[in-house]
Every structure is written in C-alpha cells, then in structure tokens.
> 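Just passing along the structure, written as structure tokens.
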Protein chains: 2
Amino acid sequence: MSKLIDPACAPHDHTARPTAPPVRPGAIERAAGIFRAMGDAPRLRLLTILGQGEACVTEIAAAEGEDLSTISQRLRVLRNEGLVSRRRNGKHILYGLADQHVADLLFNALAHASEGRADLSRFASLVPATPTKKE
Amino acid sequence: MSKLIDPACAPHDHTARPTAPPVRPGAIERAAGIFRAMGDAPRLRLLTILGQGEACVTEIAAAEGEDLSTISQRLRVLRNEGLVSRRRNGKHILYGLADQHVADLLFNALAHASEGRADLSRFASLVPATPTKKE
DNA sequence: CTAACAGTTGAACAGTTCATCAAGTGTTCC
DNA sequence: GGAACACTTGATGAACTGTTCAACTGTTAG
C-alpha cells in the first residue's frame, strides 16, 4: 500500500465544502414526500395501472383483488402528493396519473430497478416520446 | 388474465384495457424500495450533497450538523438500495451517487417538486443536460 | 321518497422505521 | 506494539405507516 491521503478531505477543515443544498429547502421536503408516497409496492403498482389509462376505484380493486376501502386509502396518499388526478363520471370516479412528470419518475425508477430496459418496452406506451416538457 | 372487466362496474363507462402490470413483478418491489429509501428528507438531502461530488462521512456530518453514526445509518439505507457508491481512501470512506440513473431520478423529482426548473440550474452540474432521455 | 351502488373517512391495531447510544472494526501514525 | 482517528453495527424506544372495519357522503335508478 502507498500513501493515499486525500487532499480533498482535509483533516480538520471539512467546512470548506458548501453547506447549502443545491436546491431551495422546500423542494427537498416536497420531493421526499413524493418519493415516500411512491415508496410502497402496492401504491406503486397502482400508479403503473393508472399509467395505462384512467380507472375507477372498483375496477382497480377488482384487478388487485383488494377491498374498495384499501384502494381508496392508497389513492388518497397519492392524491395528497399530487401524483394522481381525479374526475367524476356518473357514479364512478376516474383516477389517472397527474402529469407527465409522474410518468417519467415511474419510468425512470422502473428502468433502474430492471437494470435493463428490455421489459420497459411495454411500458413505453405510457410515455409518448419527449418525457420532460412543459406541464 | 387476458381481460377482466368487472361486471359490478358499469360496462359502458369503462374502456377495455389490460389488467396485467406493464412490468415484471420484481421490478415494482425493487423500485418501491428505491423510492422508500429516497422518501426521507434527510436522506434525500444527503443524496443531493453527494450529487455535487464524493464526500466522506465526517465531511457530510459536519455539513449537516449531525452525528457520525446518524449519517452512517442513513448511508446504509441508501447503500442497501444500491443508490450510493463507496470507496476507501486512507482513513476516509468516500461516498458518491451510484450512477446516472440515480442522478436522473433525483433531478426529475426535484424538478417536479419545484414545479418549475428555474432553481434546478445550480443542480445541473450533476446531470449532463436532459433529465430524462430514452436510452 | 327509498334502495342500491360507488367511494370516502375516522379509529384502532400491528408492523415498520428513524435517531440515539454504546460497543465494535479497520486504518494510519508514533 | 499502542493510541487516535474514521467509521460501522446492534439494540432500544419513540414516532410513523398501512390495513382493516364500521360508519358516513354522494349519485343514480325506480
């Protein structure tokens, strides 16, 4: 072994590095909230379903084999973070992804999780072509 | 599993669509784990710090005004999900973002959280140019 | 009007997670 | 070798989260 004292990591002068975060403080808390909402497998699966198109609660519950209430609670968490849209259609309430940003986030994470984009081709129908544009 | 339109749900209101998830099952659990790890403000702030370049634990702890152990624990969670890299340099252990995918995820979420990418300009040094790109 | 359907909300319990402390490993320097 | 530094790890308790049940709102049909 050789001497490898890193000059970038000085013994006692660590405060040289910018202490300030690269974005304004509120954004991090907000982003963390978004991630927390997506950080649950059942909820994330829900988002991928909505990524295929709008769906009502009953429909989702049937597809997932879950209780209406359970699905509604999950949707509430997602809605609190502004990740899904909601509109009424007769007796039904249709949910969908809030915007393209959410779809991008979803796509990116699944791409990273798959460690290979082969399986994502089926998901591509969700995302048109240019992911991040305007809202 | 080719189709499953709920009979209890008004047929005329629903457009027929596949019930099957768009990605293979494992990916969702994995992506949820990633989101869960990022779904905590202190941990997310840590990632943005690492996004600016590698840093050792002492350095981070000083910047955050936190305990060494606390930072180490946070890093462990991130490391368990493969979000950060680790390498030894003398007495120090340098952490950094695992790959570009993580940086993209970070960028995208902060962009969505900021509801406008003006503030992200300072963060741009982290990512090349376009946040989400098809590979 | 009432009945039935579609969905929401509040409360309670179980399970999980985060920060703190104390004790441990690995590395460099004397 | 041993002391000092730079982390890591396990355990503990407080705080949070997710599911379930029951009661509630709103809509449509008869």
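Just so you know, these numbers come straight off a predicted model, no measurement behind them. A, B, ... follow the sequence lines: proteins, then strands. Residue 1 opens every chain. In what follows, every heavy atom counts, from backbone to side chain, and hydrogens, waters and symmetry copies are set aside.
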> Side chains of A:R86 and A:L94: does their closest heavy-atom pair fall under 4.5 Å?
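A side-chain contact under 4.5 Å is absent here.
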
> Rounding to a whole Å, what distance do you find between B:E59:CD and D:dC7:P?
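So the CD-P distance, B:E59 to D:dC7, works out to 9 Å.
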
> Looking only at heavy atoms, which two atoms of B:V102 and B:D99 are closest? And how far apart?
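Residues B:V102 and B:D99, closest heavy atoms: N-OD1, 3.1 Å.
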
> Go through D:dC7, C:dT9, C:dA19 for me and flag the one nearest to the B:C56 side chain.
D:dC7

> Please state how far atom NZ in B:K91 lies from atom C1' in C:dC29, giving the value in whole angstrom units.
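So the two atoms are 7 Å apart, to the nearest Å.
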
> Could you give the OH-to-P distance, from B:Y95 to D:dA6, as a whole number of Å?
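To the nearest whole Å, that distance equals 15 Å.
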
> Given side chains that start at C-beta, do those of B:V77 and B:L83 come closer than 4.5 Å, heavy atoms only?
no

> Would you indicate, yes or no, if D:dT19 has its OP1 or OP2 atom less than 4.0 angstrom from a side-chain nitrogen or oxygen of A:T70?
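Answer no for this pair, as no side-chain N or O of A:T70 is under 4.0 Å from OP1 or OP2.
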
> Could you check whether any side-chain heavy atom of B:D40 comes within less than 4.5 Å of a side-chain heavy atom of B:L44, counting everything from C-beta outward?
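Not touching, per the 4.5 Å side-chain cut-off.
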
> How close or far is atom P of D:dA15 from atom CG of B:D40, stated in whole angstroms?
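Between P of D:dA15 and CG of B:D40: 16 Å.
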
> Pick base, sugar-phosphate or nothing for B:L68, based on heavy-atom distances below 4.0 Å to the nucleic acid.
base

> Look at A:E81 together with A:R36 and state whether they make a salt bridge at an N to O cut-off of under 4.0 Å.
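Here A:E81 does not pair with A:R36 in a salt bridge, since their nearest N and O are not under 4.0 Å apart.
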
> Rounding to an integer number of Å, can you tell me how far A:L94 CG sits from D:dT27 C1'?
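Nearest whole value for this atom pair: 14 Å.
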
> Write down the distance between NE2 (B:H92) and C1' (C:dC29), rounded to a whole number of angstrom.
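Atom NE2 in B:H92 sits about 13 Å away from atom C1' in C:dC29.
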
> Nearest to the B:R36 side chain among D:dT8, D:dC21, C:dT17, which nucleotide is it?
C:dT17

> Within this structure, what is the CD-to-P distance between B:E81 and C:dT17, rounded to whole angstrom?
10 Å

> So what does A:R43 hit on the nucleic acid, given a heavy-atom distance under 4.0 Å: a base, only sugar-phosphate, or nothing?
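The residue A:R43 makes sugar-phosphate contact but no base contact.
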
> Mind checking B:R86 for me? I need base, sugar-phosphate or nothing, with any heavy atom below 4.0 Å counting as a touch.
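Sugar-phosphate: the residue B:R86, judged by heavy atoms under 4.0 Å, touches backbone atoms but no base.
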
> Can you check the A:R74 CZ to C:dT9 P distance for me, whole Å?
17 Å

> Please compare B:S72 and A:R88 by the position of their nearest nucleotide in DNA chain D and report the one closer to 5'.
B:S72

> Is there a donor N/O on one and an acceptor N/O on the other, under 3.5 Å, for the side chain of A:Q73 and the base of D:dT20?
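Answer yes: a donor N or O sits under 3.5 Å from an acceptor.
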
> Does a distance-only test, which skips hydrogens and angles, find a donor-acceptor pair under 3.5 Å between the side chain of A:S69 and the base of C:dT9?
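Donor-acceptor pair under 3.5 Å: yes.
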
